[in-house]
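Owing to the predicted nature of the structure, the values given are computational and were not obtained by experimental measurement. All chains are named by letter (A, B, ...) in the order of the sequence lines, taking the proteins before the strands, and each is independently numbered beginning at 1.
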Amino acid sequence: MGFEFTNQTIRALCERGFLYQFTSPESIDKLFNSDKSFSFYVGFDATAKSLHVGHLLWIIAVNRLQRTGYRAIILTGGGTSKIGDPTWKDKQRVMLGSNEISANIDSVMRKLRTLIDFADSSANCAKLVNNDDWLSKIEYLPFLRDYGRFFSVNRMLSMDSISERLKRRQHLSFLEFNYMLLQAYDFLHLFNTENCVVQIGGADQWANIIFGVELIKKVYDKEAYGMTLNLLTTSTGAKMGKTESGTVWLDEEMTSPFDFWQYFRNVDDRDVCKLLKLFTDIELSEIDSYGAMIGTPSINEAKIKLADNITSFVHGKDCIASIKATVNNLFGNGSENQPYDIEEFRFQSSVQLDRAVFETGLAPSMSMSRKLIEGRGVKVDGSIVDSIKYRITASCVLSVGKKNFVKIAVEE
RNA sequence: GGAAGGGUAGCCGAGUGGUCAAAGGCAGCAGACUGUAAAUCUGCCGACAUUGAGUCUACGUAAGUUCGAAUCUUACCCCUUCCA
């Protein structure tokens, strides 16, 4: 810190809380003020079927950079995913098969194409690369001779991420240890082929990025740069986007737009301003004014704004209206309402309550269903029914908690 | 190759013959309170059944000892640490 960026784009990213570390702030500033002929790259793992909320940070950062004319390269870690990044991990990762990896890449890209401009038309459209394309061609001996000699094991061991693990006497396999080298090589490769001189990554990627920068320096005696993004955590210290009952995914198959919207609608008061800065284009001065609302009910307006913005970015503007309709109906007027489009289940004849709750998916098993009912968590047409023997004889609306509704139709 | 320590539910982690479907914590779900927040308190949290506490499946895998095993024995698999 301490350095004031003159470049507007980078400056804005700093002010909004995106950026965390820089290899060389002055040079980066100069570079971004230059002719924009270079490109930068961000990489992501292919370890899951979908990106999640945590990834939004770099997606939006890329967007912002793109809008101001910089060229992005999006690297999918098809090759490195075969190894698994050891950084900071307490445990070795599970090894993924190539089929799984490429399936993951496909499904991630389907979404990513809607969020980042890959169209050939624009001059600074993003380019997609897969590091498997070059990493899998590497031959061991040539690699060791050409690049291995530049890596100091002493130095690698001294990196925080690695030394932490050694200190705790945790196992670190040679396989994982090589991850850094490959990521460094990625950078070198892109530097060569795409005039890519900047790598952006998560804060946990710092060491890996540095190694890339140094490798380029050692091999070509040229400068390259790295920046890291802040780790997106909630005020309670948890990683953003992880709620059990699941991660909040960007893929609508995995997290519905409504649930996605709800996630942001329900963030902790203390996180609202931070998230608005990162995930929306709202002016900083306006966001600051929301800060005063923390602790008062009016903060809810800011949360709604936040949810609207992100949801329409990720899922498109079109879904907002129906989400809003559902929300109004559900929570409006403070009374017990129901959403509009709720799933309907038909039963041939009357059903016992526990069965109905289970079969409609409101509970994962009959036992859970009964426990929910006995725990006074189930409502029929808005009033609590705590007897599992209760029979549903006519059409009604079943609900569990405040947000799960299901319509029952009984055909006599 | 040698020595030691491990593998327990979504995760962490206790448990070393019956009272163990397995302490405790985290995460999760539901209830109260509220602002669809946070904090707090209460209940639930393997499955199936039940208004009564029954059955089944589970403590790395497979056999065995026992009336009875997460707990003992043997073999195997896997992981880690230390020494070569």
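- Regarding the sugar-base torsion, G5(B) falls in the anti class, its angle being beyond 90° of 0.
- To the nearest 0.5 angstrom, F3(A) atom CZ is 10.0 Å from C14(A) atom SG.
- Minimum atom distance to the side chain of V327(A) is reached by U36(B), of the listed U36(B), A38(B), C45(B).
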Would you tabulate the nitrogen or oxygen pairs shorter than 3.5 Å linking the protein to nucleotides 54-57 of chain B?
none

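- Seen from the ring of F32(A), R11(A) does not count as a face-on cation partner, given the 6.0 Å and 45° thresholds.
- When rounded to the nearest whole Å, the span between CD1 of I294(A) and C1' of G35(B) equals 14 Å.
- Using atom P as the reference point in both C56(B) and U19(B), the two lie 15 Å apart (nearest Å).
- Applying the Watson-Crick and G-U wobble criteria (two distances, each under 3.5 Å), U50(B) pairs with nothing in any strand.
- Both distances falling under 3.5 Å, in either a Watson-Crick or a G-U wobble arrangement, occur for no nucleotide opposite A58(B).
- Comparing the same atom, C1', in G13(B) and in A30(B) gives a spacing of 26 Å after rounding to whole Å.
- Judged by distance alone, the side chains of N131(A) and Y185(A) never bring a donor and an acceptor atom under 3.5 Å apart.
- For the P atoms, the distance linking G52(B) with U34(B) amounts to 37 Å, nearest Å.
- Between K371(A) and A30(B), a side-chain N or O to OP1/OP2 separation shorter than 4.0 Å is absent.
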Candidate pair F118(A) and M109(A), rule side-chain contact (heavy atoms from CB on, under 4.5 Å), full reasoning: CA-CA 11 Å; F118(A) 286 99; M109(A) 283 313 298; 3.9 Å; yes
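- By the 30° and 60° cut-offs, the orientation of the rings of F44(A) relative to H55(A) is perpendicular.
- Counting any heavy atom pair closer than 4.0 Å across all strands shown, T296(A) reaches a base atom.
- Judged as a side chain to side chain donor-acceptor pair (under 3.5 Å), and not counting sequence neighbours, the contacts of Q21(A) are T228(A).
- One can place CG of D354(A) at 16 Å from P of G52(B), the figure rounded to the nearest angstrom.
- Rounded to an integer number of Å, the gap from Q352(A) CD to A49(B) C1' is 12 Å.
- Taking every side-chain heavy atom of I388(A) into account, U51(B) is the closest of U51(B), A37(B), C29(B).
- Across the C1' atoms, G60(B) and U8(B) are found 10 Å apart, a figure rounded to whole Å.
- Taking the six-membered ring where tryptophan is involved, the planes of Y220(A) and F191(A) are essentially parallel, since the angle between them stays under 30° and well short of 60°.
- Nearest nucleotide to the S365(A) side chain, out of C48(B), A30(B), C45(B): C48(B).
- When heavy atoms are screened at a 4.0 angstrom cut-off, R265(A) is found touching base atoms of the nucleic acid.
- With both ends at atom C1', the span from A14(B) to G6(B) equals 15 Å, rounded to whole Å.
- The gap from the P atom of U66(B) to that of C78(B) amounts to 31 Å, rounded to the nearest Å.
- Base pairing of G17(B): no nucleotide in any strand meets the Watson-Crick or G-U wobble criterion (both distances under 3.5 Å).
- Listed candidates were A37(B), C48(B), U51(B). Nearest to the side chain of M366(A) is C48(B).
- Within the 4.0 angstrom heavy-atom criterion, no nucleotide atom of any strand lies near D386(A).
- Remark: C1' of A38(B) and CG of D271(A) are 10 Å apart, rounded to the nearest angstrom.
- Rounded to a whole Å, the NZ atom of K303(A) is 9 Å from the C1' atom of U36(B).
- Across every strand in view, C41(B) sits in a pair with G31(B) that passes the Watson-Crick or G-U test at under 3.5 angstrom.
- Within the shown strands, G64(B) is the pairing partner of C72(B) under the Watson-Crick or G-U definition, both distances less than 3.5 Å.
- Nearest nucleotide to the side chain of V400(A), out of A30(B), G35(B), A37(B): A30(B).
- The phosphate of C48(B) has OP1 or OP2 within less than 4.0 Å of a side-chain N or O from S367(A).
- A3(B) and G68(B): their P atoms are spaced 35 Å apart (whole Å).
- The side chain of K389(A) lies closest to U51(B) when the candidates are U36(B), G35(B), U51(B).
- Pair assignment for A3(B) gives U81(B), based on Watson-Crick or G-U wobble hydrogen-bonding distances that are each under 3.5 Å.
- Spacing between atom CD of E374(A) and atom C1' of C45(B) amounts to 14 Å, rounded to whole angstrom units.
- Against the 90° criterion about 0, the sugar-base torsion of A21(B) places it in the anti range.
- Using a 4.0 Å heavy-atom cutoff across all strands shown, I299(A) reaches at least one base atom of the nucleic acid.
- F405(A) has its CZ atom 11 Å from the C1' atom of U36(B), to the nearest Å.
- The distance from the CG atom of L181(A) to the CZ atom of F211(A) is 8.0 Å, given to the nearest 0.5 Å.
- Checking C11(B) for Watson-Crick or G-U wobble geometry (two distances, each under 3.5 Å) identifies G25(B) as its partner.
- Counting distance only, with no hydrogens placed and no angle test, the side-chain atoms of K402(A) and the base atoms of U34(B) include a donor-acceptor pair under 3.5 Å.
- Rounded to a whole angstrom, the distance from the C1' atom of G43(B) to that of C33(B) is 16 Å.
- Listed by chain and number, the residues in a side chain to side chain donor-acceptor pair (under 3.5 Å) with D259(A) are S256(A) (sequence neighbours excluded).
- With A38(B), A49(B), U51(B) as the choices, the nucleotide that has an atom nearest any side-chain atom of R270(A) turns out to be A38(B).
- When the nucleotides C44(B), G35(B), U51(B) are ranked by their closest atom to the side chain of N300(A), G35(B) comes out on top.
- Checking T296(A) against S298(A) by side-chain atom types alone, a donor-acceptor pair falls below 3.5 Å.
- Side-chain contact check for Q199(A) and Q205(A): no donor-acceptor pair (N or O, by modelled atom type) lies under 3.5 Å.
- Mapped onto RNA chain B by nearest heavy atom, M368(A) and N266(A) fall at different nucleotides, with N266(A) at the one closer to the 5' end.
- Of the two residues contacting RNA chain B, namely P364(A) and L372(A), the nearest-nucleotide position lying further toward the 5' end is that of L372(A).
- When each of A30(B), U36(B), U50(B) is scored by its nearest atom to the side-chain atoms of R370(A), the top-ranked nucleotide is U50(B).
- For W261(A), whose side chain is taken as the heavy atoms from C-beta onward, the closest listed nucleotide among C45(B), U36(B), G35(B) is U36(B).
- Between the side chains of S369(A) and D354(A), no donor-acceptor pair of N or O atoms lies under 3.5 Å.
- Rounding to whole angstrom units, CG of residue D268(A) and C1' of A39(B) are separated by 10 Å.
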